[in-house]
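Source: prediction; values computed, not measured. When a ligand or atom number is given, it counts from 1 through the structure's own listing order. In this chain, numbering begins with 1 at the start of the sequence shown.
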Amino acid sequence: MILFKKAADITAWLLKSKTAGKKIGFIPTMGALHPGHISLIKASKKAGSISVCSIFVNPAQFNDAKDFDNYPSTIEKDIDALEKAGCDILFLPSVSEMYPAGTGNAKTYNLGYLETVLEGKYRPGHFQGVCLVVHRLLNIIPADDLYLGQKDYQQCMVIKKLVELENINTTIHICPTLRETSGLAMSSRNMRLTEESQKQALKIFETLSYLKNNSKPGNLTALKQTAIDNLTNAGFKVNYIEIADAGNLDIINHWDGNSKLVAVAAAFLGEVRLIDNMLL
Ligand code: PAF
């Protein structure tokens with residue numbers, strides 16, 4: 001695996017490979033890698049692409065300074081896992097390399113409705129920060145394909161919108177959420193959970209499964225309330241549990257039985273905020 005820290009160096013190297021007819025698959029991450037990330041590297045390798053992973057804990061997307069300070073960092077282990085997975089290139093930039101002019105005058109992306117609901121509502125500015133960093137990364141890494149995990153359902157939609165808005169010639173691939181055998185969605189933030197709270201955390205998966213098994217055409221409000229009560233009684237501070245249209249995240253209170261739905265949840269277990277979703 002080749003490690004690059006400078007934007008100009010990796011861009012020059014990748015442009016040469018592209019000229020030689022190679023495809024580039026890109027997996028952006030914030031490190032603290034788990035098998036979910038590795039499955040994205042594998043998907044890119046399967047497509048026969050040069051696989052590029054970036055590790056950058058992006059300060060611009062943290063609406064909560066404590067969350068940024070506590071974000072796990074396991075760089076030695078990450079490098080080892082990437083080597084084992086056969087990743088070709090790691091981009092490991094500094095903040096000044098990513099934002100040489102700072103982020104004070106950063107552009108604003110017109111994300112519309114997507115930024116006003118669910119994660120957008122509870123994490124103001126978060127998706128602007130995600131767009132800023134992914135846009136910058138895609139300027140540095142001329143990716144043909146970008147691999148993202150379905151666990152961040154709304155983020156996947158936001159990045160699709162970014163690519164559309166900025167006319168970026170990159171195809172987005174959304175790969176399934178990897179789960180522990182208990183059902184708990186793999187997440188870098190799980191590293192901050194004690195063994196006891198990891199067990200408690202799988203209640204989110206159980207609650208989403210409950211919504212999946214019990215959603216019927218008609219009014220969904222009572223069902224959603226039961227789900228919120230279940231998680232609250234299990235010791236979570238719930239931000240939201242919602243059933244939404246899987247295509248545009250419109251909140252669905254009354255289901256016609258036809259539209260495709262997704263159940264989405266965000267809740268704090270102690271200081272750790274967990275999110276998950278399930279297509280119904
Ligand atoms: O999902 C993440 O880890 C981040 O939001 C991303 C896409 C790497 C941008 O910083």
Side-chain angles (χ1 to χ4, degrees), residues 4 7 10 24-41 43-44 51-65 67-75 77-78 81-82 87 89-95 97-99 103 106-107 109 111 114-115 118-120 122-141 143 145-163 165-166 168 170-178 185-192 264 266 272-277:
F4 287 97
I10 188 170
I24 295 165
F26 177 39
I27 300 91
T29 82
M30 299 204 297
L33 302 181
H34 53 70
H37 295 113
I38 300 304
S39 74
L40 304 179
I41 308 276
S44 165
S51 301
V52 182
C53 176
S54 65
I55 296 182
F56 178 64
V57 184
N58 172 32
Q61 73 184 71
F62 284 83
N63 55 310
D64 174 356
D67 190 26
F68 177 67
D69 291 341
N70 291 326
Y71 202 83
S73 169
T74 57
I75 193 68
K77 267 176 74 185
D78 292 352
L82 289 171
C87 182
I89 310 242
L90 170 60
F91 182 45
L92 194 62
S94 63
V95 173
E97 191 64 19
M98 284 300 286
Y99 301 124
T103 54
K107 76 177 280 181
Y109 299 87
L111 301 173
L114 269 184
E115 207 180 4
L118 307 170
E119 289 302 281
Y122 283 90
R123 300 188 67 188
H126 168 63
F127 285 134
Q128 289 297 327
V130 168
C131 284
L132 189 66
V133 77
V134 173
H135 194 186
R136 169 87 176 122
L137 284 166
L138 286 174
N139 276 327
I140 297 169
I141 295 161
D145 298 283
L146 178 72
Y147 295 86
L148 298 168
Q150 191 203 306
K151 181 180 157 274
D152 297 296
Y153 195 89
Q154 194 170 1
Q155 171 172 276
C156 293
M157 293 178 75
V158 162
I159 294 175
K160 273 190 177 164
K161 177 125 191 180
L162 166 74
V163 163
L165 285 172
E166 299 297 326
I168 300 170
T170 301
T171 307
I172 312 277
H173 302 266
I174 299 176
C175 303
T177 302
L178 253 63
M186 290 187 186
S187 162
S188 303
R189 286 186 175 84
N190 292 354
M191 289 179 196
R192 293 178 53 205
V264 284
V272 185
R273 187 172 185 276
L274 298 168
I275 63 169
D276 198 356
N277 65 80

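In terms of heavy atoms, Pro93 sits closest to Phe56 at O-CD1, 3.6 Å.
Side-chain contact check for Glu166 versus Leu138: every heavy-atom pair is 4.5 Å or farther apart.
A salt bridge links Arg189 with Asp67: at least one charged nitrogen is closer than 4.0 Å to a carboxylate oxygen.
Of all atoms in ligand 1, listed by their number and element, those nearer than 4.0 Å to a heavy atom of Val133 are 9 (C), 10 (O). Close contacts between ligand 1 and Pro28 involve ligand atoms 8 (C) [criterion: under 4.0 Å to a heavy atom].
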### Asn58 and Tyr99: CA distance, side-chain angles, deciding distance, side-chain hydrogen bond (donor to acceptor under 3.5 Å, both in side chains) verdict
CA-CA 10 Å; Asn58 172 32; Tyr99 301 124; 2.6 Å; yes
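Nearest to atom 3 (O) of ligand 1 among the protein's heavy atoms is Met30 CG, 3.6 Å.
Ligand 1 has an N or O atom lying under 3.5 Å from an N or O atom of Gln61, backbone or side chain. Close N/O approach between Gln155 and ligand 1 is found [any backbone or side-chain N/O within under 3.5 Å].
Not less than 6.0 angstrom separates the ring centroid of Phe62 from the ring centroid of His126.
Using a 4.0 Å cut-off between heavy atoms, Leu148 makes no contact with ligand 1 at all.
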